[in-house]
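Structure first, commentary second.
The basis for the numbers below is simple: all heavy atoms, side chains too, and nothing from hydrogens, waters or symmetry mates. Below, chain A is the first sequence line, B the second, and so on; all start at residue 1.
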Amino acid sequence: MTLRLYDSLRRSTNDVEPLTPGQLGLYVCGPTVYGPVHVGNARPFVVAMTLARHLRRTGWEVRVVSNLTDINDKIYTAAQAEGIESRDLAERESARYLDDTSRLGLGRPDVEPKVTESLPEIVEMIEGLIAGGHAYASDGDVYFRVADFPSYGALSGQKIDEMQPEEITSKKQAPLDFALWKAQKPGEDAAWESPWGMGRPGWHIECSAMAMSALGEEIDIHGGGIDLKFPHHENERAQSEAMTGRPFARTWLHNGMLRFGGDKMSKSLGNIDRLSDALDREGNETLLSLFARAQYRSPLDYSPDSLEDARKSNDRLREALRRAARIAGDVAPAEGGPLATAAAEADARFRAALDDDFGTPEGLAALFDLVRVVNAATDAGDVSPADVAQARAILIDCLWVLGLDGLGATADGPPVEAVALMQEREAARATKDFARADAIRDELKVLGWVVQDLADGPELQQA
RNA sequence: GGCGACGUGGCCGAGUGGCUAGGCAGCGGCCUGCAAAGCCGUCCACACCAGUUCGAUUCUGGUCGUCGCCUCCA
């Protein structure tokens, strides 16, 4: 099966043709670490990490690179507001970002460069652009000459003559030229040496330099939020391709925005839910389920209702896996049975869906269809444990791609006192002492357990 | 104003020129001392108006509306 992805530059879905057969490099723009990230900031991270899981599972060798922008105007501002060094604030927020995203349970990108650790590459690239005549130094700043890059605007669809300048400054030769290097300003407590004096890199050059440093001059896939398409990715593309004379990214991958209360979740609007708060409150599996339920390019409604839907649909998966585990017991999985066959077909549908522009909703639909088949078979009773075990194993394997394999985790067994109460309840039910049986249900609830009367006897579940 | 995306059933959210998305919620049934879980059945769709077509929710044009970008932004 061929991997197909929508490319924002070509505005169409295309077969992905890797630079090196069997290998894919994926660069995704990370956050500016000036404060806690919100749930919307997590979407590109989740898309990149789950896409990488799918690709690895289907035989690709993948290298994921995601940067941390730890030099930025906002960091100076935030640090001043707190009365601390900007470097300290950036380090603190970088650590917090790593902690928050790690809690999603998807692992880490292979490389996570920081701007503060990438100054040599950045300066080198700026020097190269100046040497090639694509950029010019001006009173401590360095600017990229936009007029020098004819296809500027192709990615974002902007027309040069209708665009407003990014920043008005007399140091520029043309209004649209953007900064590659900015001279240190009064009050900025962090600056680096350069051929143009003390200063810091501009916002866009850092990503080009770090991406090229980690993945080479041409990269397979460049991802990020669609709000970065202009000017950030437009400028990245311009400076990178001006530098190398080659295409920068073979596929530009843009994820849609999270909507919260009808608008894009953003710090400036104030309609945010911090990722750490959401993880505390909802748990990682609910958030990952919510992300997987929508196609990555679509805007995604983030609301109490959609979170509840995500949580309850996870409950359905968890319950099915629990029922399957109960029947499978310790029996080793075996192929060839009817459920194993159905699971293999669901897996094929799952892989095909994800190969087609990472269609996680269709992939999930395949898994839910499998759940219904497995539930129906176990209800009917004529299933072999090995067959159920195989279907369960495949289901968990697919869920792993989305970070939802934890739904199949077998919880610790109930404590002896709960088991004793359950047995006492069985005795009471046998003598039709239902008042006592119901009372025991309440006692179990206090202990944190719920009893379910299944066809082959009662079972305790954590409440 | 310019550029782009989108308007799907109670809600979320896929997809397709004619063939079941899926989840959540609702209703009926089975099972059940109760409850839970599960299974079966079922109701509710493709913003509006034209056009192309044997046939459009799916293509084209228009209208209305929503969102994103054009400024820091995942």
Side-chain angles (χ1 to χ4, degrees), chain A residues 8 11 28-32 34 37-48 66 69 72-74 77 153 155-159 161-168 203 223-234 254-259 262-269 275 289-290 292-295 297-303 305-317 319-320 322-323 349 353 356 359-369 371-380 428-429 432-435 437-438 441 450-455 458-459 461:
Chain A
S8 298
R11 296 160 205 272
V28 58
C29 285
T32 298
Y34 70 98
V37 295
H38 59 249
V39 185
N41 293 306
R43 179 122 95 144
F45 180 89
V46 170
V47 169
S66 185
T69 296
N72 183 282
D73 281 333
K74 291 199 164 189
T77 307
L155 178 61
S156 58
Q158 303 288 325
K159 292 177 182 136
D161 52 0
E162 287 171 358
M163 277 192 260
Q164 298 298 311
E166 182 191 39
E167 192 180 2
I168 308 292
W203 178 34
I226 197 166
D227 55 348
L228 293 184
K229 193 152 67 165
F230 188 88
H232 187 52
H233 291 163
E234 193 74 70
H254 288 114
N255 62 270
M257 299 291 100
L258 234 62
R259 280 198 303 233
D263 296 315
K264 166 187 165 183
M265 183 183 288
S266 73
K267 284 167 190 158
S268 55
L269 286 175
L275 179 57
S289 174
L290 182 71
R293 288 158 56 86
Q295 212 268 351
R297 287 193 282 122
S298 299
L300 171 56
D301 202 57
Y302 186 81
S303 68
D305 283 351
S306 62
L307 285 163
E308 185 185 356
D309 281 0
R311 181 166 46 74
K312 286 187 174 173
S313 67
N314 276 350
D315 287 345
R316 177 164 168 81
L317 293 168
E319 176 67 17
R322 193 189 60 78
R323 283 161 56 103
R349 188 175 150 207
D356 185 11
T360 52
E362 168 64 17
L364 273 178
L367 302 188
F368 277 107
D369 284 344
V371 161
R372 190 185 322 106
V373 170
V374 171
N375 279 339
T378 53
D379 264 8
R429 293 179 71 218
K432 301 210 185 293
D433 182 0
F434 296 122
D438 291 344
R441 195 194 284 284
V450 172
V451 64
Q452 283 194 9
D453 296 317
L454 303 178
E459 185 183 72
Q461 277 187 65

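Across all strands shown, Gly224(A) has heavy atoms under 4.0 Å from sugar-phosphate atoms exclusively, and none from any base.
The side chain to side chain donor-acceptor pair (under 3.5 Å) test applied to Ser289(A) returns Asn314(A), not counting sequence neighbours.
A gap of 38 Å separates the C1' atoms of U66(B) and G28(B), to the nearest Å. Going from the C1' atom of C59(B) to that of U52(B) covers 8 Å, rounded to whole Å. Between C70(B) and C11(B), the two P atoms lie 31 Å apart (nearest whole Å). Annotation: C43(B) and U63(B) have their C1' atoms spaced 32 Å apart (nearest Å). Comparing C12(B) with C67(B), their P atoms are spaced 14 Å from each other, to the whole Å. Nucleotides G7(B) and G15(B) have their P atoms positioned 10 Å apart, rounded to a whole Å. Distance check on atom C1': G65(B) versus C49(B) gives 15 Å, rounded to whole Å. The separation of U20(B) from U57(B), taken at their C1' atoms, amounts to 16 Å, rounded to a whole angstrom.
Among the nucleotides C3(B), A21(B), A74(B), the one closest to any side-chain atom of Gln158(A) is C3(B). The side chain of Arg316(A) lies closest to C24(B) when the candidates are G22(B), C24(B), C67(B). Of the candidates G33(B), G68(B), C12(B), the closest approach to any side-chain atom of Ser306(A) belongs to C12(B). Relative to the side chain of Leu258(A), the nucleotides A74(B), G23(B), A21(B) differ in distance, and A74(B) lies closest. Checked against G68(B), C39(B), C34(B), the side chain of Arg372(A) finds its nearest nucleotide in C39(B). In this structure, the nucleotide among A74(B), C72(B), C69(B) sitting nearest to the side chain of Phe230(A) is C69(B).
A residue-by-residue look at Gln461(A) and Ile226(A) shows that Gln461(A) has its nearest nucleotide of RNA chain B further toward the 5' end. Checking Asp369(A) against Lys74(A), the closest nucleotide of RNA chain B that is more toward the 5' end is the one next to Asp369(A).
Here the side chain of Ser306(A) pairs a donor or acceptor atom with the backbone of Asp301(A) at under 3.5 angstrom. A donor-acceptor contact shorter than 3.5 Å is absent between the side chain of Ser156(A) and the backbone of Lys229(A). Side-chain atoms of Arg43(A) never come within 3.5 Å of backbone atoms of Gly225(A) as a donor-acceptor pair (strictly under, hydrogens ignored). No donor-acceptor pair under 3.5 Å is formed between the side chain of Thr69(A) and the backbone N or O of Thr32(A). Glu234(A) contributes a side-chain N or O that, together with a main-chain N or O of Gly153(A), makes up a donor-acceptor pair within less than 3.5 Å. Not a single donor-acceptor pair under 3.5 Å links the side chain of Gln452(A) to the backbone N or O of Leu454(A).
Between the C1' atom of G68(B) and the CZ atom of Arg297(A) lies a distance of 14 Å, rounded to the nearest Å.
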Report task. Taking Watson-Crick and G-U wobble pairs with both distances under 3.5 Å, convert RNA chain B into its dot-bracket string, 5' to 3', dots for unpaired and | for cross-strand pairs. Result -> (((((((..(((.....[...))).(((((.......)))))....(((((..]....))))))))))))....
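Between Phe434(A) and G33(B), a base-stacking contact is recorded: ring centres under 5.5 Å apart, planes less than 30° from parallel.
Closest of all the heavy-atom pairs between Ala437(A) and Ala428(A) is N-CB, 4.2 Å. Here the shortest heavy-atom pairing between Gly224(A) and His233(A) reads CA-CE1, 4.1 Å.
For the pair Lys264(A) and C69(B), the criterion of a side-chain N or O lying under 4.0 Å from OP1 or OP2 is met. A close approach under 4.0 Å does occur between a side-chain nitrogen or oxygen of Asn375(A) and OP1 or OP2 of C39(B).
At a cut-off of 3.5 angstrom, counting only N and O atoms as typed in the model, there is no donor on one side facing an acceptor on the other between the side-chain of Lys312(A) and the base of C24(B). Taking only distance into account, the side chain of Asp453(A) meets the base of C34(B) through a donor-acceptor pair shorter than 3.5 Å. One cannot find a donor-acceptor pair under 3.5 Å joining the base of G13(B) and the side-chain atoms of Asp301(A). Interface remark: the Asp309(A) side chain does form a donor-acceptor pair with the G23(B) base, using a distance-only criterion of under 3.5 Å.
Between Asp369(A) and Arg372(A) there is a salt bridge, with a side-chain nitrogen of the basic residue lying less than 4.0 Å from a carboxylate oxygen of the acidic one.
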Report each atom pair, protein N/O against N/O of nucleotides 14-16 of chain B, whose distance is under 3.5 angstrom.
residue: A14(B); atom: OP1; partner: Gln295(A); partner atom: N; Å: 2.9
residue: A14(B); atom: OP1; partner: Ser298(A); partner atom: OG; Å: 2.7

